[in-house]
K.L.:
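Handing you a structure now.
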Amino acid sequence: MEMAVAFHKPLNSRLSINPNPNSRRGLCFSSSLLFNCRLPSSPIATTPFKFPFRNSVPAPIKCSISTETAKEKKRQLMRRRDIRNIAIVAHVDHGKTTLVDAMLKQAKVFRDNQFVQERIMDSNDLERERGITILSKNTSIGYKDTKINIIDTPGHSDFGGEVERILNMVEGVLLVVDSVEGPMPQTRFVLKKALEFGHAVVVVVNKIDRPSARPDYVINATFELFIELNATDEQCDFQAIYASGIKGKAGLSPENLADDLGPLFESIIRCIPGPRIDKDGALQMLATNIEYDEHKGRIAIGRVHAGVLQKGMDVRVCTTEDACRYARVSELFVYEKFSRVPAETVEAGDICAVCGIDDIQIGETIADKSSGKPLPAIKVEEPTVKMAFSINTSPFVGREGKYVTSRNLRDRLYREIERNLAMRVEDGETADTFIVSGRGTLHITILIENMRREGYEFMVGPPKVINKRVDDKLQEPFEIATVEVPEEHMGSVVELLGKRRGQMFDMQGVGSEGTTLLKYKIPTRGLLGLRNAILTASRGTAILNTIFDSYGPWAGDITTRDQGSLVAFEEGSTTSYALCSSQERGQMFVGPGVDVYKGQIVGIHQRPGDLSLNVCKKKAATNVRSNKEQTVVLDTPLDYSLDDCIEYIQEDEMVEVTPLSIRMCKNPKLAKKTR
């Protein structure tokens, strides 16, 4: 029941509307959300405006659908009703993988007596150790005769390239938002990409069982984010679901959750459209992801856009440059429940895995042999940080690693960019140096950690930002940094960010826990090494999140480290006697009995500038009986991880990475120049 009202209103006034929360799709807009009415330029305007009566009968549920970019072409396409392809996107730690766990369990993917570990989609060892998702993964569930293909995506902005290419495979997304934090930087990034593709969006307010949950604020903030990102009217009319992923419950209102995720499954079926397909057209499938199997070789994963793909058929593999080659599909798999199942044919609209094309790359099209045409290439945003990789030149080279030559290093790095689209690799100034560019230090650090576990031994330099020149003016990347910090530590955090050229543009209280949310625009240079410094300043309580914003004018010089390093000046094994006197100069990285070499960094100097120390000095063995043996008390050495080491090093320092050890040293090439 709606009524059109014509009203006269001055231009500078605002209309406040508070619809009934139950009147439309369970969406709860609070009275604090103000809608601006766009009026003509005359001082008094008559504008028709429709709004539901407060006591009206709830309108039938109406969900957003994908925007149609090429309407004339799409009229000829049919829509499959038995399949839904969705991606689950969110900021880091908002509960994507936990929600997928609950969906898999309730869809009876596992036996009742089967042991299932937590976050089953995070199958990689590194993902389990760090508690984050690094690689996107496919699975599927069945619900009321409908197959739902689900793709779990990473939440860190450094792995945004994974999210960007996955959106090619789906028609809709579940946007998971924390019930306390609300939309965060990565929420904005993934939503922007989904809206650009014209995908339907279902907003899931997760962790609704948290004591300080504020669902009204989260829905309002998410709606404002849709408006900021120029979403269409259909996309802004999103379905809101309130859920607790860990309890496996969901509902249309925060106070009334069902005993299972039924409302979420119903919303997926109802609000996310099936894939538009050209069933009788020529075969087209875009390779969106690549996996490797020891027995089957390269496996291309993607969605069949048109036609039918059959096992054993001859196909044409096309690149964007219209350069084509021919191949044969040896095996074909579809995703059913939590595994890949062999299939004879795959119809348009479904997601499948193709074996038999040994040289296929991400972004290539598997097309019909006679009349196939390539699909548009996958575009990802450019990297912002680079690091130099080189062969290990320390005296300990070859002790622990299996692959130590520049040829091994080069082959491994160029193999990485075949599946990691957001990364770039280029040759450096010398034959044994390679420049690796990525979305952030974490993006490159994950590569370093994987190579280290594979048996590679190499050295990396400090991270540097990738600058641009526009109209002969130097520009550098800026990022949006959000910091959650308790009020008692806010002063030291604000001072630290100010020193690094950060500009605060928002500050607000979060929940009832006495936490403040600070938002800064800060140069990417200022973020290098910031995470450890901010944890120290806040006694480990601050949470830092960043995402790339734009390029801007050079912000000026930034000092990221005030203290120098303690450097060993001879090779040998450290002794308690030498470390006892050395620890008075600063904090040590090494304990007694550790092999060190000349130029290795063994600690942090308590003052600016480097200091060379002899940490291998032994006590003289003369006149032993007349001297009473002194008891040596050593401080616990600092235990730096790979991430900490990369944050610590400066221009003239390097990190030596081997399968068993991580050491820091002075760069011998730069040391010779400065003498």
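Only a predicted model underlies this, so the values are computations on that prediction, with no experimental measurement involved.
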K.L.:
Run the side-chain hydrogen bond (donor to acceptor under 3.5 Å, both in side chains) test against N256 and tell me which residues pass, sequence neighbours left out.
P.N.:
none
K.L.:
Do S641 and D644 meet the criterion of a side-chain donor-acceptor pair at a distance under 3.5 Å?
P.N.:
yes
K.L.:
Using modelled atom types and a 3.5 Å cut-off, is there a donor and acceptor pairing between side-chain atoms of R340 and backbone atoms of V334?
P.N.:
no
K.L.:
Taking only Lys NZ, Arg NE, NH1 and NH2, and the carboxylate oxygens of Asp or Glu, determine whether D178 and R210 approach each other closer than 4.0 Å.
P.N.:
yes
K.L.:
Going by an N to O cut-off under 4.0 Å, is there a salt bridge joining K144 and E266?
P.N.:
yes
K.L.:
Ion pair present between R303 and D350, side-chain N to carboxylate O less than 4.0 angstrom?
P.N.:
no
K.L.:
Report the relative orientation of the aromatic rings in H199 and F197; use parallel for angles under 30°, tilted for 30 to 60°, perpendicular for over 60°.
P.N.:
parallel
K.L.:
How many angstroms lie between atom CG of L544 and atom CG of L527, to the nearest 0.5 angstrom?
P.N.:
6.5 Å
K.L.:
So, applying side chain to side chain contact (heavy atoms under 4.5 Å, CB included) with C271, which one of V201, I241, V202 is it?
P.N.:
V202
K.L.:
Counting N and O atoms only, with roles assigned by atom type, does the side chain of R84 sit under 3.5 Å from a partner on the main chain of I272, one being a donor and the other an acceptor?
P.N.:
yes
K.L.:
Considering only NZ, NE, NH1 and NH2 on the basic side and carboxylate oxygens on the acidic side, decide whether E181 and K207 come within less than 4.0 Å.
P.N.:
no
K.L.:
Is the shortest side-chain N to carboxylate O distance from R525 to E479 below 4.0 Å?
P.N.:
no
K.L.:
Looking at CD of E196 and CG of N230, how far apart are the two atoms once the value is rounded to the nearest 0.5 Å?
P.N.:
10.0 Å
K.L.:
Within this structure, what is the CG-OG1 distance for the pair D643 and T445, rounded to the nearest 0.5 Å?
P.N.:
5.0 Å
K.L.:
Do you know the tightest heavy-atom contact between A300 and A287?
P.N.:
CB-CB, 4.2 Å
K.L.:
Between I148 and S140, does a side-chain contact (heavy atoms from CB on, under 4.5 Å) hold up when you go through it step by step?
P.N.:
CA-CA 5 Å; I148 303 175; S140 79; over 6 Å; no
K.L.:
Do the side chains of I86 and V173 get nearer than 4.5 Å, heavy atoms only?
P.N.:
no
K.L.:
Salt bridge check, R500 against E495: does any charged N sit closer than 4.0 Å to a carboxylate O?
P.N.:
no
K.L.:
Closer than 4.0 angstrom, basic N to acidic O: yes or no for E228 and R188?
P.N.:
yes
K.L.:
To the closest 0.5 Å, what do you measure between CG (L518) and CZ (F505)?
P.N.:
10.5 Å
K.L.:
Might you point out which heavy atoms bring F478 and A555 nearest each other, and give the distance in Å?
P.N.:
CZ-CB, 4.1 Å
K.L.:
Could you tell me the separation between the OH atom of Y520 and the CG atom of L497, rounded to the nearest 0.5 Å?
P.N.:
5.0 Å
K.L.:
Taking side chain as C-beta onward, heavy atoms only, is Q239 less than 4.5 Å from R270?
P.N.:
yes
K.L.:
Evaluate the side-chain proximity of N149 to K147: yes if any heavy-atom separation is below 4.5 Å, no if none is.
P.N.:
yes
K.L.:
How many angstroms lie between CG in L530 and OG1 in T524, if you round to the nearest 0.5 Å?
P.N.:
11.5 Å
K.L.:
Walk me through whether L375 and L286 qualify under side-chain contact (heavy atoms from CB on, under 4.5 Å).
P.N.:
CA-CA 7 Å; L375 289 162; L286 186 68; 3.8 Å; yes
K.L.:
Tell me, with the steps shown, if V436 and M423 meet side-chain contact (heavy atoms from CB on, under 4.5 Å).
P.N.:
CA-CA 7 Å; V436 179; M423 193 167 276; 3.9 Å; yes
K.L.:
Under 4.5 Å between any side-chain heavy atoms of I448 and M387, yes or no?
P.N.:
yes
K.L.:
Is there side-chain contact between M103 and F265, with at least one heavy-atom pair below 4.5 Å?
P.N.:
yes
K.L.:
Would you find a donor on one side and an acceptor on the other, under 3.5 Å apart, between the side chain of S492 and the backbone of A537?
P.N.:
yes
K.L.:
Decide salt bridge (charged side-chain N to carboxylate O under 4.0 Å, His left out) for E382 and R424; before the verdict, give the C-alpha distance in whole Å, the side-chain angles of both, and the deciding distance to 0.1 Å.
P.N.:
CA-CA 9 Å; E382 293 296 313; R424 305 276 186 275; 3.4 Å; yes
K.L.:
Just by modelled atom types, is the R165 backbone N or O under 3.5 Å from a matching donor or acceptor in the N168 side chain?
P.N.:
yes
K.L.:
Do you know the tightest heavy-atom contact between V204 and A243?
P.N.:
CG1-CB, 3.9 Å
K.L.:
State, to 0.1 Å, how close A231 and L195 come at their nearest heavy-atom pair, and which atoms those are.
P.N.:
CB-CD1, 3.8 Å
K.L.:
Would you say Q508 and T516 make side-chain contact, with heavy atoms under 4.5 Å?
P.N.:
no
K.L.:
Does Q503 CD have over 12 foreign heavy atoms under 6.0 Å away?
P.N.:
no
K.L.:
Is it true that a side-chain atom of N85 and a backbone atom of G172 form a donor plus acceptor pair closer than 3.5 Å?
P.N.:
no
K.L.:
Within a strict 4.5 Å, meaning less than it, do heavy atoms of the V89 and L174 side chains meet?
P.N.:
no
K.L.:
List for me each residue that meets ring-ring contact (aromatic ring centres under 6.0 Å, His included) alongside Y335, sequence neighbours excluded, and say none if there are none.
P.N.:
none
K.L.:
Taking all non-hydrogen atoms of both residues into account, name the closest pair between T153 and A87 and its distance.
P.N.:
CG2-CB, 4.5 Å
K.L.:
Check residues 480-490 and write down every donor-acceptor pair under 3.5 Å in which the side-chain atom is one partner and the other belongs to a residue at least two apart or another chain.
P.N.:
none

K.L.:
So, T288 side chain and I166 main chain: donor-acceptor pair closer than 3.5 Å or not?
P.N.:
no
K.L.:
Backbone N or O of R439 within a donor-acceptor pair of the H443 side chain at under 3.5 Å?
P.N.:
yes
K.L.:
Salt bridge (charged side-chain N to carboxylate O under 4.0 Å, His left out) between K521 and D549: does it pass, once the steps are laid out?
P.N.:
CA-CA 8 Å; K521 185 172 181 179; D549 180 51; 3.5 Å; yes
K.L.:
Of all heavy-atom pairs between I83 and P275, which one has the smallest distance, and what is that distance?
P.N.:
O-CD, 3.4 Å
K.L.:
Let's go through T146 and D82 carefully: what are the C-alpha distance in whole Å and the side-chain angles of both, what is the deciding distance for side-chain contact (heavy atoms from CB on, under 4.5 Å) to 0.1 Å, and is it a yes or a no?
P.N.:
CA-CA 5 Å; T146 302; D82 60 335; 5.7 Å; no
K.L.:
With a 4.5 Å cut-off on side-chain heavy atoms, are I558 and P523 touching?
P.N.:
yes
K.L.:
Side chain of S538, backbone of T536: donor and acceptor closer than 3.5 Å?
P.N.:
no
